Amino acid sequence: MHRFYVLEGNKRVSVLKNLNAVKISAKVTRIVPKRTDNLENKIYYEFMEFYEDAQIYDIWFSREGSFKKLGRYYGYQPGEQWDEESRTSLRSEYSVFRKEYKAKGGDKLNMTTGDAFLSYISIFPAWQLQSFHKEQVRENLTKMWDEFVTLAQSQSVKILLEPQQKEKPSSGLSILNKIIGTEILKQVKVAFIYEKSVDDSAWNYAHEMGRLYLGQVFGEKVKTTVYEHAEYTDNSEDILEAAIKEGNTIVFTIAAQLATASVKTALQHPEVKILNCSTNSVHRAIRAYYCRMYENKFLLGVIAGSLSETSHLGYIADYPIYSTIANINAFALGAQMVNPRARVQLQWSSAKGGVRQEKWGEDVHIISDKDWINPLHPTRKYGLYRIKDGEIENIAASICHWGKFYEQIVRSIMEKTWKVADEKNKNRAINYWWGISAGVLEIVCSQKLPEGTRILVDMLTENIRRGDFSPFDCMWTTQDGKVANEANHRFELENIFQMDYLASNIEGGIPELDELKDDTKEFVQLQGAF
């Protein structure tokens, strides 16, 4: 378990330690523990697999999955043997980082040097550690220090489920704010940065509608500007810099792929508020935001289960990331609630070969598909639909009101409640994860939906809105037969956020990284499922 027990040679070890010797020759016998669900045990097994590939012992992590992330950073998948050049580069870069990190007081933080190193190279390229002067490395460490402090917390992420409420000021302050507030509001400039063009995807189009909604709500008090084609790291950083130079004090980056550029820019411009549309962010410098889509998916599952005549349903998922997996499970549990025999057949649009109609079988007539519509490529294959006599009949759709999301965030900055979240969650990364209760999610149903089903959906929606019910607060099991939750037990938020398993009534699995299309792998790795 990465600990040493010296049987002999204590004097030699003590003398060499006192002399700050780099290495101590020894014959080591590794005692391997049995596999358990203990975190330390899991990390040790990950280390042993990493060591078989890289033959590097010096680096240690305290978080599961870190050895795999390090390997991928240097271009290796688990099971691939490292070449000598890669080993030398990692050893050299880690050595430079460790020296400067410890000199700055890194040993005082509650995490390993490896944890800090992995965080550092996710923002600043590792090769710069060798090519940069020590002063530049120290400057980068200073900029990132709050990130390290956040990462060292036992609870490093605070998930905010509701918008921050404005505290009522005294009457005198209220009048003063009204007098000076108008001038301040006129000066707010907001940038929306898209990875590609606004019109090239349904995802971008949905957020563009949200941007336009801001204009309708705030009028001339808020000026929004669109920046497109931030596909590559260098290009995205340049675009972020250009947006800030043009006076934007609030910046929304509309893709998880832009998270690294967002953090790096935020470290350079702490006066600018930068938010990235993604999940599971551990960065203090920016804030992440997303919708609790699993709430809507649960309601769609209820509708699908109540209408199915065969008990066999189809589900098309996009990327195997944590939030998506929670969506799939919620849909399956919703269907099972109203139809205990309901089975969900799962396919992935991001997998090689994509979705194949022949896989569904003759019993699948109701399918849950993508939520967003691309205006340039209109189709009826979205939301929940039924295939009848070769025709598509739309049943219900999941709506995310990004405009309301953006309105609440911009308003929180104007009304200073943004700072309240910082004060209440010092040294923690802040993620917005809003849902039905925040008014950013809604289910739109066909008029042909049976009245009884509509009433049931309305009742469940209201219970979710009030916080009296959550889709996972019931007895359910996973595909391997493990009990995921007991009956009438509140399912922990972190367990929803980081689901990497499927419910027992789902047919199909979570694809491995090498089963995905090449252009989707980077995004999946960024969002933490692998």
Side-chain angles (χ1 to χ4, degrees), residues 62-63 105-106 108-111 115-116 118-120 122-123 141-169 190 249-253 256 258-260 262-292 294 322-323 326 404-440 467 470 490-498 526-528:
S62 64
R63 289 165 174 78
K108 296 178 182 179
L109 299 179
N110 185 30
M111 64 178 178
D115 293 333
L118 191 58
S119 177
Y120 181 93
S122 71
I123 305 302
L141 283 172
T142 299
K143 291 176 180 177
M144 277 203 68
W145 203 253
D146 285 346
E147 295 287 303
F148 297 146
V149 172
T150 295
L151 197 63
Q153 305 301 312
S154 57
Q155 297 290 331
S156 58
V157 178
K158 175 61 177 179
I159 302 173
L160 299 181
L161 302 180
E162 308 291 340
Q164 291 289 115
Q165 297 298 317
K166 181 183 177 182
E167 297 181 2
K168 293 183 178 179
V190 184
T249 56
I250 304 172
V251 178
F252 294 103
T253 53
L258 299 176
T260 297
S262 300
V263 174
K264 194 169 183 178
T265 305
L267 294 174
Q268 302 286 350
H269 300 278
E271 75 283 1
V272 178
K273 295 170 176 60
I274 301 178
L275 301 98
N276 179 248
C277 191
S278 61
T279 60
N280 209 30
S281 171
V282 295
H283 295 291
R284 174 71 175 169
I286 66 172
R287 295 190 186 182
Y289 63 98
Y290 209 80
C291 290
R292 295 198 301 272
Y294 70 85
Y322 288 133
S323 57
K404 293 182 179 179
F405 214 126
Y406 291 127
E407 177 194 357
Q408 296 275 20
I409 292 175
V410 172
R411 200 176 293 281
S412 75
I413 295 170
M414 292 176 171
E415 297 176 350
K416 313 300 182 183
T417 55
W418 172 280
K419 293 182 179 179
V420 174
D422 271 334
E423 292 168 357
K424 290 182 177 180
N425 302 285
K426 290 183 178 180
N427 300 325
R428 298 174 77 181
I430 294 176
N431 286 205
Y432 298 121
W433 204 26
W434 298 348
I436 290 174
S437 59
V440 298
S470 175
R490 179 50 59 104
F491 204 70
E492 294 296 330
L493 185 64
E494 289 74 13
N495 292 339
I496 300 174
F497 208 62
Q498 298 186 349
L526 282 170
Q527 291 294 273

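If you're wondering where the values come from, they're calculated on a predicted model, not measured in any experiment.
A salt bridge between Arg284 and Asp422 is present, with a side-chain N of the basic residue lying under 4.0 Å from a carboxylate O of the acidic one.
Looking at heavy atoms from C-beta onward, Val420 lies out of side-chain contact with Lys416 at the 4.5 angstrom threshold. In this structure the side chain of Ser470 never reaches within 4.5 angstrom of the side chain of Phe491, judged on heavy atoms. Side-chain contact check for Trp145 versus Val149: some heavy-atom pair is nearer than 4.5 Å. Ile413 has its side chain out of reach of Lys419: every pair of non-hydrogen atoms, C-beta onward, lies at least 4.5 Å apart. Using a 4.5 Å heavy-atom threshold, the side chains of Val190 and Phe252 count as touching. Annotation: side chain of Met144 is in contact with side chain of Leu267 (closest heavy-atom distance under 4.5 Å). Contact of the Asn110 side chain with the Gln153 side chain is not registered, since no non-hydrogen atoms from C-beta on lie closer than 4.5 Å. The side-chain heavy atoms of Val157 and Asn280, taken from C-beta on, include no pair separated by under 4.5 Å.
Nearest heavy-atom pair across Ser122 and His283 is OG-CE1, 4.4 Å. Pairing each heavy atom of Gly439 with each of Lys404, the nearest pair is O-CD, 3.3 Å. For the pair Ser262 and Thr253, the tightest heavy-atom approach, listed with the atom from each and the gap, is OG-OG1, 2.9 Å. Considering all non-hydrogen atoms of both residues, Ile436 and Arg292 come closest at N-NH2, 4.3 Å. The two residues Glu423 and Lys426 make their nearest non-hydrogen contact at O-CG, 3.6 Å. Counting all heavy atoms, side chain and backbone alike, Ala266 lies closest to Ala285 at CB-O, 3.6 Å.
Between the CG atom of Asn276 and the CZ atom of Arg287 there is a distance of 14.0 Å, given to the nearest 0.5 Å. The distance from the OH atom of Tyr432 to the CD1 atom of Ile159 is 13.5 Å, given to the nearest 0.5 Å. To the nearest 0.5 Å, the span separating OG on Ser156 from CE on Met111 amounts to 10.5 Å. The NZ atom of Lys424 lies 9.5 Å from the OG1 atom of Thr417; values are rounded to the nearest 0.5 Å. The CG atom of Leu493 sits 5.0 Å away from atom CG of Leu161, with the distance rounded to the nearest 0.5 Å. With values rounded to the nearest 0.5 angstrom, Ile286 atom CD1 is found 10.0 Å from Leu258 atom CG.
Note: Phe405 and Trp434 have parallel aromatic rings, judged against thresholds of 30 and 60 degrees for the angle between ring planes.
Between the side chain of Ser412 and the backbone N or O of Ile409 there is at least one donor-acceptor pair closer than 3.5 Å.
Under the 3.5 Å distance criterion, with hydrogens and angles disregarded, a donor-acceptor pair is assigned to the side chains of Glu162 and Ser437. Ser62 and Asp115 share a donor-acceptor pair across their side chains, judged by distance under 3.5 Å alone. A donor-acceptor pair shorter than 3.5 Å cannot be found between the side chains of Thr150 and Asn427.
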**Pair Val272-Thr265, side-chain contact (heavy atoms from CB on, under 4.5 Å): steps then yes or no** = CA-CA 9 Å; Val272 178; Thr265 305; over 6 Å; no

Give the C-alpha distance, both sets of side-chain angles, the deciding distance and a yes or no for side-chain contact (heavy atoms from CB on, under 4.5 Å) between Val251 and Leu275. CA-CA 6 Å; Val251 178; Leu275 301 98; over 6 Å; no

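Checked against Trp433 for a ring-ring contact (aromatic ring centres under 6.0 Å, His included), the options Tyr294, Tyr322, Tyr290 give a single hit: Tyr294.
Geometrically, Arg411 does not engage Trp418 in a cation-pi contact defined by less than 6.0 Å to the ring centre and at most 45° from the axis.
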